[in-house]
Structure formats: C-alpha cells, structure tokens
Amino acid sequence: MERMKAKLSILDLAPVLEDGTSTESFRNMVDLAQHAEQWGYHRYWLAEHHNLPGTAISATSVVIGHVAAHTHSIRVGSGALLLSNYVPLAIAEQFGTLESLFPGRIDLGIGRSSGTDQSTAWALRRNLHNDNDFPEQLLELRSYLNPALGGSLPGVRAVPGEGLNLPIWLLGSGGFSAQLAGQLGLPFAFASHFAPDNLLSALELYRRHFQPILLDKPQVMIGVNVIVAETDEEANWLATSQEQQFLSVLRGEGGKLKPPVDNMDRLWSAEEKAIVGGKMLRYGARGSVDTVRNKLSAILKETGADELIIAAPVYDHQARLRSYELLAEAMR
C-alpha cells in the first residue's frame, strides 16, 4: 500500500500508572522518544497539566530539555504550553535556551486554557487572565523572539531567544485559536484527541482566515487516539485503560492510569459509554495494522490534515512501544 502523506508524531502525557511513580513515567518517556526517533516519527510533544496525579508533566520546558538531551534528531516540543500560566518573557527565555541547546529541534506549541482547575490556576499565577488577554500575551511572546513585531516591553530583551527561528504553533479545541492562528499565519493543531466536537468547523475557520505571512499555505495537525496490537481484540482490551481514564474525567475523579479490564460494561452506564466511546474518543483508531490504517486513512480524507499527533495511553510500557511501532508500519 502507498505510504500515507501525512507526517506522524507523538503526544506524550507521561501517564503515571496506578502502581507507578513519576520517575518511572519519565524513564518510559525517554525510552519511547528514543524508539520513536528510530521508527521515523517527526516530532515528540509533551503536554502540560497541573494538579493531576495521573500525568507527570507540569514543568514542560524541563521535560522537553530532558527528552531532547536523550535523542538526536526528532523534534521535541510542547503540546501545549499553557501561556496563561506564565509571563511571556519567561517562556521566550526558556524556549530560547532550549533552541540554543538543541538548534533546529524545538517546537513551541501554545495553548490558551489553564489546563487545570481554578484553584490551581490561582496558585500558579495569582492572577486569572481573561481569555481576551491571550492575543496580547502571544504578541508579547513572539515579539521577544522577533522584536520587529513591536509587542514587547520597551528595553526588555529575551537572551537567549531574540532572533531565533523558533516555530510557534497554536493549539486549541475551538474556533478562537483556529481563527487567530489563521490570521497570524501560524500552524494550527486541534485537540481532537479529547475534544473532537468542533474539529471540522475549526479547521474550516482556520483555513478560511489563513494569511500566508509565515507559511505559504495552512498547516494542520490533529490529535488522534490510536492503539495498535496484533489483533483487534487485543487492541480493544488495551484501550480499556484509556476508557477508564476518560470515564474518571467524566466523573470528576482523576486518578492514575489503570490496567486493562475484560468488561467495561461493569464499570460504566450506557450513557457514560455513549459519551466516552461515541463522543470523547470519536477521532481515534484501535485494532490491528489493517484496521488502524483504514481508519486513519478515512480521518485524513475527512480532515485533510498534514500531520497526525498520536496519543496512546497504554498501561504496559512494552505494549505501548509495540503499538507505536505497529502504527509506524500502518502508515507505510
């Protein structure tokens, strides 16, 4: 079969297992990144979260540097770094430092949400920004990297950072970031791995408002949940860990990643099953290589995405590695 044209990347939330620790999650993270580099994945992004015991990544720039230091060529970045939790100068300096340490390998993916509850957001920044502040924050950040944009504070420079060619992506799950990314001519990534409802309308909005300022044409990446195994049955069984994870989110419970179960119907109601399986995980693929290839081909045809960034919260690390290895085969 002809190789699919879309690039293939990884979104890692560094899941903390029910019987595991953050230290083990970081060890598995590096191991997966090193394998992904060998299997030809384009980039490896790490997602910022706070006050979530099941996700180890909160100090995003620190973890990016750790992964980049233990790999050689794969791009490493944030998917996303949540700008409202920081002052723009700090991010310009942090990512300017990363780009200086690992030239040509760092991506700065920016999100608008806080990525946490209101109390934690207050603890992080002591100031709850209005969503309308985001374009100004973004302009200030971009201006520290490129002073010609004129949005930085007078007399303040990002060292290192100023003058570096650091790719910036906007990430979102709705129309606001999609339209802004288009107007600024930035690449856009949609969080369809957990919020798929507005995917198609957001992509249409991004493409309609796109201005060829930095890019010749729109550049779209979409998040997809993918679990591949030798058989459809095994993949469906492995996927029950993620289903339990989404069920916990739906119930407001949180918690660490749980091992697979043989029967999800004992854990969720019919309504919860419809929300998790039919809605939250709608843009995903699970099964054998052939099953996943066909599903991803249909998603690419529907969305016209240039790149797929894959989340695969599989409980067993070896099974997770195997899933990404089989996925690389499926895309050929």
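On a predicted model such as this, the values are computed, not experimentally measured, just so you know.
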### Query
For Glu99 and Asn165, does a side-chain donor sit closer than 3.5 Å to a side-chain acceptor?
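Side-chain D/A pair, Glu99 to Asn165: absent.
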
Whether [Y] and [X] form a salt bridge (side-chain N of Lys/Arg under 4.0 Å from carboxylate O of Asp/Glu) is what I want to check.
X: Glu272; Y: Arg251; value: yes
X: Lys256; Y: Asp19; value: no
X: Arg157; Y: Glu162; value: yes
X: Arg322; Y: Glu325; value: yes

### Message
Once ring-ring contact (aromatic ring centres under 6.0 Å, His included) is applied, what residue pairs with a partner in residues 53-84 remain, sequence neighbours excluded?
### Response
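Qualifying pairs: His66-His70.
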
#### Entry: Pair listing, ring-ring contact (aromatic ring centres under 6.0 Å, His included) test, anchored in residues 196-224, at least two apart
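Non-adjacent pairs meeting ring-ring contact (aromatic ring centres under 6.0 Å, His included): Phe188-Tyr206, Tyr206-Phe210.
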
### Message
Who clusters with Tyr315? Use side-chain heavy atoms, under 4.5 angstrom, across I, L, V, M, F, W and Y, and order the result by chain and number.
### Response
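Once heavy-atom contacts under 4.5 Å are chained together, Tyr315 belongs with Leu17, Leu257.
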
### Task
Go through the structure and list residues passing side chain to side chain contact (heavy atoms under 4.5 Å, CB included) with Asp265, not counting sequence neighbours.
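Listed in chain order: Asn263, Trp268, Lys273.
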
Could you list the donor-acceptor pairs under 3.5 angstrom formed by side chains in residues 148-155, with sequence neighbours left out?
none

Has the side chain of [X] got a donor or acceptor atom that lies under 3.5 Å from a matching backbone atom of [Y]?
X: Thr71; Y: Ile74; result: no
X: Asn198; Y: Ser201; result: no
X: Glu24; Y: Thr21; result: yes

### Message
I'd like to check the salt bridge (charged side-chain N to carboxylate O under 4.0 Å, His left out) partners of Glu307; sequence neighbours left out, ordered by chain and number.
### Response
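For Glu307, the residues satisfying salt bridge (charged side-chain N to carboxylate O under 4.0 Å, His left out) (neighbours in sequence not counted) are Arg43.
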
Just list the side-chain donor-acceptor pairs under 3.5 Å for residues 173-187, sequence neighbours left out, or say none.
none

Residues that [X] engages under side chain to side chain donor-acceptor pair (under 3.5 Å), provided they are two or more places apart:
X: Trp169; result: none
X: Arg27; result: none
X: Glu243; result: Arg286
X: Asp12; result: Tyr44, Arg320

Report all side-chain donor-acceptor pairs from residues 212-228 shorter than 3.5 Å, counting only partners two or more places apart or in another chain.
{"residue": "Asn225", "atom": "OD1", "partner": "Gln242", "partner atom": "NE2", "Å": "2.6"}
{"residue": "Asn225", "atom": "ND2", "partner": "His193", "partner atom": "O", "Å": "2.6"}

### Task
Calculate, to the nearest 0.5 Å, the distance between atoms CG and OG1 belonging to Asp262 and Thr240 respectively.
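Reported value, rounded in 0.5 Å steps: 8.0 Å.
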
